[in-house]
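Before anything else, here's the structure in question.
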Amino acid sequence: METPGESRAGGLAVALRDALAQRGGVWFGWSGDTVERETRGVRHFTEGNVEFALADLTLPEYEGYYLGYANRALWPVFHYRVDLAHFDESDFAAYEQVNRRFARLLAPFTRPDDMVWVHDYHFLLMGQELRASGWRGRMGFFLHVPFPAPEVFSALPQHQRLALGLAAFDLVGFQTDRDTANFRRYLVENAGAEILEDGRLRVFDQVLRAATFSIGVDPDDVAAQAEGEEGVAAAARVGKITDHRALVIGVDRMDYSKGLPQRMEAFGRMLDDHEELRGRVSFLQIAPPSRESVDAYQVLREELDRLAGRINADYADLDWMPIRYLARSYDRGTLCGLYRLARVGLVTPLHDGMNLVAKEFVAAQTPEDPGVLVLSEFAGAAEQMQAALLVNPHDIAATADAIHRALSMPREERIERWQDLIRNVQEHDIAWWRRSFLDALEASAGVPA
Ligand code: ADP
């Protein structure tokens, strides 16, 4: 269950659809459409052995539930930005109500031996609401974003209510061991959870398992796209402009969690410090605006425009532009071709559940001449990708140094680091993630009849 309205849905949607196509099943979620008044049912259609059941949101639900509680309260708090969070009781009421309404819409589609897999922070209360609708079968939840330290999670006025909701699932999955540990610590310290011998938690009269399942990509597909028609064409177009210069690439949704201003400042700082690199390296940042109607994004947009403008004004020359910043999105083939062309991938979020761009960048490289990944230690991916150049994205000088080091890294070291990274990306790919979560869910019990 998820929200196809999110841009992240791309790779995830494909992976989950594959899982459903293999086993047969129901895909249930928001249609991505908003309507004036509540529509009673779901839009229902079948493709192969997958049934789709899609529900609309009303305009007030979209405002209160989606833009409001999910994106103005949960998203910032889960990304450690309590300062940007906006807590509004009526937004939470809408959140609760949509979780309830969707659970009631889903309930008739379930059969006793089914497994229900719920995705992401939009549906934290779905498990509890499904149980209230009479569902007794196995039910798992996966959180794609970070689970913050308990002290930060507790800033949410409804934190107890949310924890109670999550505890209704038999299995709760997280991206990293850090997230899993945060969640467990919250339950133990704030809700008196007891840790059972097998590692499960007993809390609120429920027993649940909390574990790590780090999401991956499909590396073969990424490599094929990088070498495909679109990928090659994109690399040729950009190659014409960058000419002999090294390309540094960043690809993100425009979001304040991605550390984009810090990244631009670090690139500018590197040019300040290394005169010899001026005119010899180009930074291409692709960042389409997302959730434009949320104020914080408008502020970010203006800051990025200002920073890119300033750095370019300081350093650009008649035949060279240091930063090319494109506020639009590109298809996968194009992105993969550009990853492959790049000498450095800059993935420096301030906080990120996993960050799939880091894994895509690695999967797209040429084995004999790979680029270097500069990765934030606060991206979930850092737990698995220790062979990247890890940086603290708040430390502008250290990030500038890391970009410089990446640009001057000898080929043998680049190959060595890349081999380490690609091994992990291949081993823990998207199919592995899906399989390991479903196996764990299959092994869970549901509620005794
Ligand atoms: P998030 O889920 O926070 O957006 P991830 O890095 O985990 O971050 O996933 C982003 C996905 O969206 C990746 O598969 C990536 O290729 C894609 N994506 C990110 N930025 C863009 C963009 N500018 N244009 C097109 N696709 C993008």
Side-chain angles (χ1 to χ4, degrees), residues 2-16 70-71 74-76 78-81 119-122 142-146 174-176 179 213-219 221-226 230-231 234 238 249-260 263 283-292 294 296-297 300-301 304 324-340 342 345-364 373-376 378-385 388 393 425 428-430 433:
E2 61 139 11
T3 50
E6 285 287 282
S7 57
R8 109 190 37 224
L12 174 65
V14 173
L16 295 176
N71 286 332
L74 293 176
W75 177 272
F78 280 29
H79 289 85
Y80 288 79
R81 291 300 303 269
H119 289 267
D120 227 1
Y121 61 99
H122 309 85
F142 186 79
L143 186 69
H144 289 263
V145 296
F174 297 95
Q175 297 277 28
T176 67
D179 301 311
F213 305 88
S214 306
I215 196 168
V217 296
D218 179 347
D221 178 62
V222 172
Q225 300 251 12
E230 277 166 0
V238 174
I249 196 165
V251 174
D252 307 77
R253 276 184 307 107
M254 191 183 292
D255 189 282
Y256 48 79
S257 66
K258 300 293 184 183
L260 294 167
R263 190 182 305 174
F283 175 27
L284 174 62
Q285 175 64 56
I286 297 176
S290 61
R291 307 189 187 105
E292 293 96 306
V294 182
Y297 296 95
L300 175 64
R301 173 70 201 260
L304 292 178
R324 286 160 50 79
Y325 152 50
L326 309 177
R328 52 165 288 189
S329 89
Y330 286 88
D331 58 71
R332 280 179 69 68
T334 300
L335 291 182
C336 293
L338 296 179
Y339 293 144
R340 191 181 185 86
L346 267 186
V347 182
T348 55
L350 305 180
H351 269 288
D352 214 332
M354 176 51 59
N355 197 293
L356 294 178
V357 170
K359 296 187 173 184
E360 290 167 359
F361 176 80
V362 166
L373 177 64
V374 175
L375 178 63
S376 162
F378 305 121
E383 232 173 56
Q384 297 169 304
M385 303 181 92
V425 170
H428 300 115
D429 68 356
I430 187 78
W433 170 77

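Atom set for the values below is all heavy atoms of this structure, side chains included, hydrogens, waters and symmetry mates excluded. Numbering of ligands and ligand atoms starts at 1, following listing order. In this text the structure is predicted, and so the values were computed from the model without any measurement.
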So which of Arg332, Lys258, His144, Met354 gets nearest to atom 1 (P) of ligand 1, if we judge by its closest heavy atom?
->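 Answer by nearest heavy atom: Lys258.
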**Asked** Of all the atoms in ligand 1, which lie at a distance below 4.0 Å from a heavy atom belonging to Val357?
**Response**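 Answer, ordered by atom number: 6 (O), 15 (C).
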### Message
Is the ring pair Trp433/Phe142 parallel, tilted or perpendicular, if the boundaries are 30 and 60 degrees?
### Response
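Perpendicular, since the angle between the ring planes exceeds 60°.
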Using a strict 4.0 Å cut-off to heavy atoms of Asp252, name the atoms of ligand 1 that fall inside it.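 Near Asp252, the atoms of ligand 1 are 20 (N), 23 (N).
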Would Ser329 count as being in polar contact with ligand 1, using the rule that some N or O on each side must be under 3.5 angstrom apart?
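No; the residue has no nitrogen or oxygen that sits under 3.5 Å from a nitrogen or oxygen of the ligand.
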Closest approach of Tyr339 to Ala364 (non-hydrogen atoms, all atoms of both residues):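 Tyr339 and Ala364 have their closest heavy atoms at CB-CB, 3.6 Å.
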Under 4.0 Å to a heavy atom of Asn355 - the qualifying atoms of ligand 1, by number =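 With Asn355 as reference, the close atoms of ligand 1 come out as 6 (O), 7 (O).
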Quiz prompt | Distance filter under 4.0 Å to Ile286 heavy atoms, resulting ligand 1 atoms | solution =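 Listed by number with element: 23 (N).
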- Message: Would the distance check show the side chain of Asp120 and the main-chain N or O of His144 forming a donor-acceptor pair, the cut-off being under 3.5 Å?
- Response: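 The answer is yes, because a donor-acceptor pair under 3.5 Å joins these two groups.
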Checklist entry - If you look at every heavy atom in Val357 and Val251, which pair is closest and at what distance? => result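 Minimum heavy-atom separation between Val357 and Val251: CG2-O, 3.4 Å.
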Per-atom contacts, ligand 1 versus Glu360 - under 4.0 Å to a heavy atom:
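Every atom of ligand 1 under 4.0 Å from some heavy atom of Glu360: 13 (C), 14 (O), 15 (C), 16 (O).
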Test: Arg328 cationic atom under 6.0 Å from Tyr330 six-membered ring centre, within 45° of axis
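Here Arg328 passes the 6.0 Å and 45° test against Tyr330.
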### Query
Crowded around Arg324 CZ? As in, over 12 foreign heavy atoms under 6.0 Å?
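No, CZ of Arg324 has 12 or fewer neighbouring heavy atoms, counting only those of other groups under 6.0 Å.
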Ala287 to ligand 1: N or O pair under 3.5 Å?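 So ligand 1 has no N or O lying under 3.5 Å from an N or O of Ala287.
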Legend entry - Contacting atoms of ligand 1, where contact means under 4.0 angstrom from a heavy atom of Leu335: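 Ligand 1 atoms under the 4.0 Å threshold to Leu335: 16 (O), 24 (N), 25 (C), 26 (N), 27 (C).
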Q. Are the side chain of Gln175 and the backbone N or O of Ile215 linked by a donor-acceptor pair below 3.5 Å?
A.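 Answer holds: yes.
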**Request:** Any atoms of ligand 1 less than 4.0 Å from a non-hydrogen atom of Pro288? List them with their elements.
**Result:**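 Contacts of ligand 1 toward Pro288, numbered from 1: 22 (C), 23 (N).
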**Request:** May I ask you to identify, for Tyr339, whether its side chain, its backbone, both or neither come under 4.0 Å of ligand 1 on a heavy-atom basis?
**Result:**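 Tyr339 to ligand 1: side-chain contact only, backbone stays beyond 4.0 Å.
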For this session: Run the numbers for me: atoms of ligand 1, each under 4.0 Å from some heavy atom of Arg253, listed by number.
Result: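 That gives atoms 1 (P), 3 (O), 4 (O), 20 (N) of ligand 1.
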Give the minimum heavy-atom separation between Arg263 and Pro349, together with the two atoms involved.
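Taking Arg263 first and Pro349 second, the nearest heavy atoms are NH2-N, 4.3 Å.
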